[in-house]
Amino acid sequence: MSSVILGRFRGMPAQDGAGVKLTRIINQPGLKHQDPFLMLDEFRSDNPDDYIAGFPPHPHRGFCTLTYMLAGQMEHKDSVGNTGVVEAGGVQWMKAARGIIHAEMPKQEAGLMWGFQLWVNLPAAEKMSEPAWYDYPADVIPEVDRGNAVIRVVAGEHDGKTGPVDAPGRDFLMLDLVFNAAETLTVAAQGQRQRLGYVYKGNVSVNGEAVARGELVRLDTDAELIIEGSADSGLLLLAAQPINEPIAQYGPFVMNNSVEIEQAIRDYQNGTLAANQKLT
């Protein structure tokens, strides 16, 4: 029987923002863009020195960001005038598109801060569209109860439940599989040509193969997944249709070529990248 695991990868320590310590899983030397997923970071620390400086105002253009919190509180603000606090179990989804100035700052001075930020690319036709912002608290994320486990549906559809995050044309699926005790979960293939799993706590097995905490696995896109977990283990499952367009990235700008990147830099420098380049 062939393996459903097509590759194994580990993140690397990194710092971003004003010195926030994190683990960069996607978009590091060992694992570059996984179309349409541009970046996946995990931040996890109970030492406030690792996160208290946060991510002061910074620009984005050309993609979407998804922040998913497991513990702690993070406040988001943007140049359009949106503001909100993402708490444990909640999601913030931002379509930067043509340009937005954004800040993410901790709303706590102590305790565990734990979550993820995922960047999802936009097709060329949408990169210069208007930005958008959505806050989804924990209680609006649908859950599928499976006895000793819960499947939280952040994006896409699973077992009749549909997540609130929508990425038209990319068929985006994001499931959080949370195991409270030993349980086996089955996730059918949905036809997406990009499929990844990341174990963020404990140990799980995927179709009989062990996957340890901190491992990201690239998965067979056509296989039914049989995921076994034990007490206090968890796995993020990501799937989507690739955009199959060139990717040019310079920090917080992701476009299709260097000319567009240079234009984004000029627009930011001259104050026209976002409708309002100061946070309200």
Checklist line | Heavy-atom check, side chain of V217 versus side chain of L196, under 4.5 Å | finding: no

Check: Has the side chain of H102 got a donor or acceptor atom that lies under 3.5 Å from a matching backbone atom of I100?
Finding: no

Checklist line | Check: A212 main-chain N/O paired with E215 side-chain donor or acceptor under 3.5 Å | finding: yes

Note to self: Could you check whether any side-chain heavy atom of P131 comes within less than 4.5 Å of a side-chain heavy atom of M94, counting everything from C-beta outward?
What the structure shows: no

Note to self: Between R218 and G197 (side chain of the first, backbone of the second, donor and acceptor by atom type, cut-off under 3.5 Å), is there such a pair?
What the structure shows: no

Item checked: Side chain proximity check, L185 to I151, heavy atoms < 4.5 angstrom -> yes

Check: Do D159 and R146 touch side chain to side chain, with heavy atoms closer than 4.5 Å?
Finding: yes

Check: Hey, is the main chain of R10 close enough, under 3.5 Å, to the side chain of Q28 for a donor-acceptor pair?
Finding: yes

Notebook entry, point to check: Quick one: does K127's side chain have a donor or acceptor within less than 3.5 Å of a partner on L122's backbone?
Noted result: yes

Checklist line | Min side-chain heavy-atom separation P48-E109 under 4.5 Å | finding: no

Next item on the list: Please answer whether the main-chain N or O of G191 pairs with a side-chain N or O of Q241 as donor and acceptor at a distance below 3.5 Å.
Entry: yes

Next item on the list: Return the minimal non-hydrogen interatomic distance between I243 and D35, and the atom names on each side.
Entry: N-OD1, 3.0 Å

Item checked: Co-membership, hydrophobic cluster, residues V120 and L238, 4.5 Å side-chain -> yes

Item checked: Heavy atoms of other groups near Y134 OH, more than 12 under 6.0 Å -> no

Next item on the list: Test Y51 against R44 for side chain to side chain donor-acceptor pair (under 3.5 Å), laying out the working first.
Entry: CA-CA 9 Å; Y51 62 74; R44 179 187 186 187; over 6 Å; no

Margin query: Would a single hydrophobic cluster contain both Y198 and L219, if residues Ile, Leu, Val, Met, Phe, Trp and Tyr are joined by side-chain heavy-atom contacts under 4.5 Å?
Written below: no

Notebook entry, point to check: Applying the 4.5 Å side-chain criterion to the ILVMFWY set and letting contacts propagate, would V199 and F9 be lumped into a single cluster?
Noted result: no

Margin query: Does this structure show an ion pair linking K95 with D166, if we count only N-O contacts that are shorter than 4.0 Å?
Written below: no

Check: Would F55 and V20 count as a side chain to side chain contact (heavy atoms under 4.5 Å, CB included) if you check the C-alpha gap in whole Å, the side-chain angles of each, and the deciding distance to 0.1 Å?
Finding: CA-CA 8 Å; F55 304 87; V20 176; 3.7 Å; yes

Item checked: Polar contact flag, side-chain donor to acceptor under 3.5 angstrom, Y250-E262 -> no

Margin query: Could you walk me through whether I247 and N256 satisfy the side chain to side chain contact (heavy atoms under 4.5 Å, CB included) test, starting with their C-alpha distance in whole Å, then the side-chain angles of each, then the deciding distance to 0.1 Å, before giving a yes or no?
Written below: CA-CA 5 Å; I247 297 173; N256 293 103; over 6 Å; no

Notebook entry, point to check: Quick check: does any side chain N or O of E224 sit under 3.5 Å from a backbone N or O of T186, one acting as donor and the other as acceptor?
Noted result: no

Note to self: Is it the case that the side chains of T65 and Q117 hold a donor-acceptor pair, with the cut-off being a distance below 3.5 Å and no angle test?
What the structure shows: no

Margin query: Salt bridge or not between R170 and E126? Use side-chain N to carboxylate O under 4.0 Å.
Written below: yes

Notebook entry, point to check: With side chains defined as the heavy atoms from C-beta onward, is the minimum distance between M74 and M113 less than 4.5 Å?
Noted result: yes

Margin query: So does Y200 get a backbone contact from the side chain of R213, meaning a donor-acceptor N/O pair under 3.5 Å?
Written below: yes

Next item on the list: Examine V254 and M39 and state if one hydrophobic cluster contains both, with Ile, Leu, Val, Met, Phe, Trp and Tyr joined whenever side-chain heavy atoms are less than 4.5 Å apart.
Entry: yes

Notebook entry, point to check: Does L237 offer a backbone N or O that forms a donor-acceptor pair with the side chain of R195 under 3.5 Å?
Noted result: no

Next item on the list: Can you sort out the partners of K21 under salt bridge (Lys or Arg N to Asp or Glu O under 4.0 Å), two or more places apart, ordered by chain and number?
Entry: D50

Note to self: Checking side chain to side chain donor-acceptor pair (under 3.5 Å) between Q73 and each of Q108, K107, E87, which is the one that passes?
What the structure shows: E87

Check: Within a strict 4.5 Å, meaning less than it, do heavy atoms of the D176 and L70 side chains meet?
Finding: yes

Notebook entry, point to check: Rounded to the nearest 0.5 Å, how far apart are CD of Q249 and CG of N121?
Noted result: 9.0 Å

Margin query: Would F116 and F43 count as a ring-ring contact (aromatic ring centres under 6.0 Å, His included) here? Give the steps.
Written below: CA-CA 6 Å; F116 299 91; F43 45 92; 7.5 Å; no

Check: Could you go step by step and tell me if F179 and D232 meet the side chain to side chain contact (heavy atoms under 4.5 Å, CB included) rule?
Finding: CA-CA 6 Å; F179 296 87; D232 199 30; over 6 Å; no

Next item on the list: For side chain to side chain donor-acceptor pair (under 3.5 Å), just list the numbers for E157 and T162, CA-CA rounded to whole Å, side-chain angles, deciding distance to a tenth of an Å, and then say yes or no.
Entry: CA-CA 4 Å; E157 189 274 338; T162 300; 5.5 Å; no

Next item on the list: Indicate whether any N or O donor in one side chain lies under 3.5 Å from an N or O acceptor in the other, for T272 and N270.
Entry: yes

Notebook entry, point to check: What is the minimum heavy-atom distance between G17 and P56, and which atoms define it?
Noted result: C-CD, 4.4 Å

Checklist line | Beyond-backbone contact of R8 with L216, side-chain heavy atoms, under 4.5 angstrom | finding: no

Note to self: Before you tell me yes or no, could you show the steps for T221 and Q194 under side chain to side chain contact (heavy atoms under 4.5 Å, CB included), namely the whole-Å CA-CA distance, both residues' side-chain angles and the distance that decides it to 0.1 Å?
What the structure shows: CA-CA 7 Å; T221 57; Q194 184 71 265; 5.9 Å; no

Check: Ignoring hydrogens and geometry, is there a side-chain-to-backbone donor-acceptor pair from N207 to V4 under 3.5 Å?
Finding: no

Notebook entry, point to check: Do we see a donor-acceptor contact under 3.5 Å between the side chains of Q190 and H158?
Noted result: no

Next item on the list: Please list, chain by chain and in numerical order, all residues satisfying ring pair (Phe, Tyr, Trp, His ring centres under 6.0 Å) with F63, sequence neighbours excluded.
Entry: H60, W119

Checklist line | N-O pairing of R61 and D267 below 4.0 Å | finding: yes

Next item on the list: Kindly determine whether R193 and D171 satisfy salt bridge (Lys or Arg N to Asp or Glu O under 4.0 Å), including the steps that lead there.
Entry: CA-CA 10 Å; R193 306 320 298 171; D171 201 12; over 6 Å; no

Check: Linking I/L/V/M/F/W/Y whenever their side-chain heavy atoms sit closer than 4.5 Å, directly or via other members, would L173 and V150 fall into one cluster?
Finding: no

